[in-house]
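All residue numbers in this chain count up from 1 along the given sequence. Note that ligands are numbered from 1 as they come in the structure, with each ligand's atoms numbered from 1 the same way.
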Amino acid sequence: MDAIWPRVCWVCGSPAATGTNPLACEEHDLGPAMAAMRDGPRCGRCAGRLPPGIRSGLTCAACRLRGGSPSRGICAIDYRVAGAADWLLRFKHGARRDLAVPLAGILAAACVEADGWRADRLLVPVPLHPARRLERGYDQAAQLAAELEALGAGRRAPLLLRNRHTPAQGAPGAPARAANVRGAFAVRRPRGLARGVSVWLVDDVLTTGATAAACALALRRAGAREVGVLAVARAGGRPSTLARR
Ligand SMILES: [Zn+2]
Ligand SMILES: [Zn+2]
């Protein structure tokens, strides 16, 4: 079988270590980044770390202060753990659209673990501005939603549009994330499309949660009943010292 399907790392093509899921060399093994999502309490809304001793699933200070955050958050890996960033950077900026397959696989597994096996989840990709899509050749969140659907983890529901091209997050001179994305998203027509639905946003990386909150706000204003967020990786965020029930 190895001759037909050589065991090589998805990211770099080096021989894959045995027993990693998805296939990866030692350097790109996602096992430690998956384990890091479980090695301490996490916020139930944004999957950010909570201080030790707090029960997992409670709401962190950032989510409480922001309001408008999605009501649930599920992430598969911790972006800061060695090996994880290479996967996401190549997927997003390295023209490696094929990485959507294994990344959706680990996200689907995290969904099943957190929320059970459900094929009826409505998956709303966080939209990319058409200009950026053109430059990149594909839309990574839409790609992930398509792969999640192929795995039976939900149904695609592209309900959102991006109104404007926001400066890259973290770019010099970029406004604070929340201001940057405020009003950047709208629900597609016809009106009423989102009314009463319960949806999950899909994105590659969840950083401050400002983008997810702006999307959730647009969906709730259009009548969505509940908005959660699924992201492959959780980045950023120091343990919050203000978290409480
Ligand atoms: Zn590798
Ligand atoms: Zn939170």
Q. Would you say Arg195 has more than 12 foreign heavy atoms packed within less than 6.0 Å of its CZ?
A. no
Q. If you draw a 6.0 Å radius around CZ in Arg221, do more than 12 non-hydrogen atoms from other residues or ligands fall strictly inside?
A. no
Q) Can you tell me the angle formed at the Zn ion (ligand 2) by SG of Cys46 and SG of Cys43, to 10°? A) 110°
Q. In terms of side-chain geometry, is the basic nitrogen of Asp139 or Arg136 positioned less than 4.0 Å from the acidic oxygen of its partner?
A. no
Q: Please calculate the SG(Cys9)-the Zn ion (ligand 1)-SG(Cys25) angle and round it to 10 degrees.
A: 110°
Q: For a side chain to side chain contact (heavy atoms under 4.5 Å, CB included) with Leu230, tell me which candidate from Leu201, Leu123, Leu144, Leu206 qualifies.
A: Leu123
Q: Return the name of the atom in His28, of element N, O or S, nearest to the Zn ion (ligand 1).
A: ND1
